[in-house]
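One structure is given below, encoded as structure tokens.
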Amino acid sequence: MDTGTIPVDSLSGGLDLYRTLESGQSYCWRRSDGEMYHGAEPEDSWYATVVDGDVIRIRQENGILEWESTTDAEAAVRRLVRLDDDLEAIVAAAPDDPLLRDAYDAHRGMRLVEDPPFGCLISFICSAQMRVSRIHTMVSTLAREYGEPIEFDGKTYHAFPTPDQLAAATEAELRELGLGYRAPYVVRTAEMVASGDADPAAARGFEYEAARDYLTQFVGVGDKVADCVLLFSLGFDEAVPLDTWIKSAIEEYYPDCDRGSYADTSRAIRERLGGEYAGYAQTYIFHHLRTGE
DNA sequence: GCCCAGGAAATAT
DNA sequence: ATATTTCATGGG
């Protein structure tokens with residue numbers, strides 16, 4: 001077993017691992033006590049994921065971020081929860097308005113995640129009209145039923161299924177697993193990726209709005225889900241997913257940014273939230289409003 | 001029972 | 001192009 005520690009005070013802007021991993025950005029981690037997305041912070045349990053066949057688990061305790069893995073995972077940990085972001089500078093450069101200031105103050109240390117593209121894509125296809133706790137359950141079920149099992153420290157972990165593994169599933173099976181009308185979306189999108197017809201990671205090479213358009217070719221992916229994948233997986237920090245919470249925030253706090261269409265409203269709110277890191281601002285506002293904290 | 005949840009696709013105007 | 005309707009399902 002490889003292990004390591006990272007002192008939190010070495011990170012600009014600190015770290016709140018609980019809010020980073022349980023704010024509805026990522027559904028690719030599972031908590032060892034099984035209580036993820038149930039509203040309470042972990043005591044001494046771990047968050048675990050599988051990346052490229054390797055189990056990685058992490059926890060934050062007493063000012064230390066600990067990791068344990070089947071391999072030397074420090075670089076992967078830094079990438080997955082974006083420890084090298086200069087969070088202090090991002091917060092300092094954010095627009096100074098009451099809502100955003102409250103959101104940043106309430107959740108200091110929350111970072112964006114960088115999920116693997118395929119898992120992120122399927123996660124947010126599943127997210128349509130679902131609560132975050134159920135999205136997490138659906139993604140965990142897909143991993144358990146179709147993903148590669150990997151033994152580590154006497155326990156079995158499951159990778160998120162590959163496009164091939166998920167494309168081999170049937171719509172009827174996924175409906176049995178509770179995915180509802182999202183079942184055919186997941187199968188058809190997995191088939192598109194497995195066949196090589198399209199690849200979510202390919203959107204990295206495009207300018208922002210072209211990248212969003214590229215992702216909407218996948219079945220079950222509209223502008224909002226595309227923005228989530230761009231923000232939580234592909235490094236487009238300016239992406240602002242216009243979900244129900246941010247729409248209500250626009251209505252109440254930024255009414256002049258409502259321009260009717262998604263594309264035009266997106267440009268306006270992106271500008272209002274600071275442009276380059278507007279997606280960071282969006283994630284804080286989303287979590288702030290959704291949790292009421 | 002009713003309502004809602006990090007929406008998207010199909011259909012109608 | 002934009003507006004309305006339909007689509008599953010567990011939990012409050």
Side-chain angles (χ1 to χ4, degrees), chain A residues 19-29 34-40 103 107 110 112-113 115 119-142 169-192 198 200 212-234 236 239-252 258-266 269-270 273 278-293:
Chain A
R19 286 183 169 82
T20 299
L21 294 182
E22 301 199 40
S23 52
Q25 304 178 55
S26 176
Y27 301 94
C28 295
W29 295 82
E35 293 299 305
M36 196 154 175
Y37 284 119
H38 288 269
H107 307 293
M110 182 170 79
L112 285 185
V113 299
D115 275 354
C120 183
L121 178 65
I122 298 299
S123 295
F124 281 95
I125 288 173
C126 290
S127 78
Q129 295 294 102
M130 278 292 139
R131 293 176 212 277
V132 293
S133 61
R134 285 200 61 205
I135 301 165
H136 185 259
T137 300
M138 293 163 88
V139 174
S140 300
T141 300
L142 290 177
T170 66
E171 175 183 336
E173 287 172 0
L174 297 190
R175 283 181 183 274
E176 281 296 308
L177 294 174
L179 269 72
Y181 61 79
R182 304 153 198 80
Y185 301 167
V186 168
V187 175
R188 291 176 62 191
T189 288
E191 287 169 349
M192 291 171 71
R212 194 175 65 200
D213 286 343
Y214 177 83
L215 290 180
T216 60
Q217 74 181 292
F218 294 105
V219 184
V221 178
D223 289 327
K224 185 270 171 185
V225 167
D227 269 331
C228 288
V229 177
L230 294 177
L231 181 61
F232 302 135
S233 177
L234 300 179
F236 288 82
V240 177
L242 301 183
D243 60 83
T244 52
W245 290 100
I246 201 70
K247 282 178 179 169
S248 72
I250 290 171
E251 194 177 337
E252 188 160 350
D258 183 357
R259 306 295 168 85
S261 74
Y262 189 101
D264 291 342
T265 302
S266 171
I269 192 66
R270 187 162 70 251
L273 295 180
Y280 243 105
Q282 189 274 0
T283 299
Y284 272 81
I285 291 171
F286 170 83
H287 188 61
H288 182 51
L289 294 179
R290 190 181 73 81
T291 61
E293 297 171 13

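Here is the naming used below: chain letters follow the sequence lines, and residue numbers restart at 1 for every chain.
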Side-chain atoms of A:R131 come closest, of B:dG7, C:dG10, C:dA8, to C:dG10

Taking B:dA5, C:dG10, C:dC7 as options, the one with an atom nearest any side-chain atom of A:Q129 is B:dA5

Whichever of A:S127 and A:G220 has the more 5' nearest nucleotide on DNA chain B, that residue is A:S127

The answer to which of A:V219 and A:S133 contacts DNA chain B further toward the 5' end, by nearest nucleotide, is A:S133

Grab the [atom1]-[atom2] distance between [X] and [N] for me, whole Å please.
X      : N      : atom1 : atom2 : result
A:Y37  : C:dG10 : OH    : P     : 20 Å
A:I135 : C:dG10 : CD1   : P     : 15 Å
A:F124 : B:dA5  : CZ    : P     : 16 Å
A:D223 : B:dA9  : CG    : C1'   : 13 Å
A:R290 : B:dC4  : CZ    : P     : 18 Å
A:L242 : B:dA5  : CG    : P     : 16 Å
A:I122 : B:dG7  : CD1   : P     : 17 Å
A:I246 : B:dA5  : CD1   : P     : 15 Å

Contact class for [X] vs. all strands (heavy atom < 4.0 Å): base, sugar-phosphate, or nothing?
X      : value
A:F218 : sugar-phosphate
A:R182 : base
A:G222 : sugar-phosphate

Exercise: do A:R212 and A:S266 side chains pair donor with acceptor under 3.5 Å
yes

Pair A:S26-A:D115, side-chain hydrogen bond (donor to acceptor under 3.5 Å, both in side chains): steps then yes or no
CA-CA 7 Å; A:S26 176; A:D115 275 354; 3.0 Å; yes

Determine the Euclidean distance between corresponding P atoms of C:dA8 and B:dA10; express it in Å to zero decimal places. 13 Å

Q. In terms of the angle between their ring planes, are A:W245 and A:F286 parallel, tilted or perpendicular, with boundaries placed at 30° and 60°?
A. perpendicular

Hey, is the side chain of A:R134 poking within less than 4.0 Å of OP1 or OP2 on C:dT9, counting only N and O atoms?
-> no

NE2 (A:H287) and CD (A:Q25) are apart, to the nearest 0.5 Å, by 9.0 Å

| Can the ring centroids of A:F218 and A:Y185 be said to lie less than 6.0 angstrom from one another? | no

For B:dG7, does the base pair up with any side-chain atom of A:Y181 as donor and acceptor (N or O, under 3.5 Å, distance only)?
yes

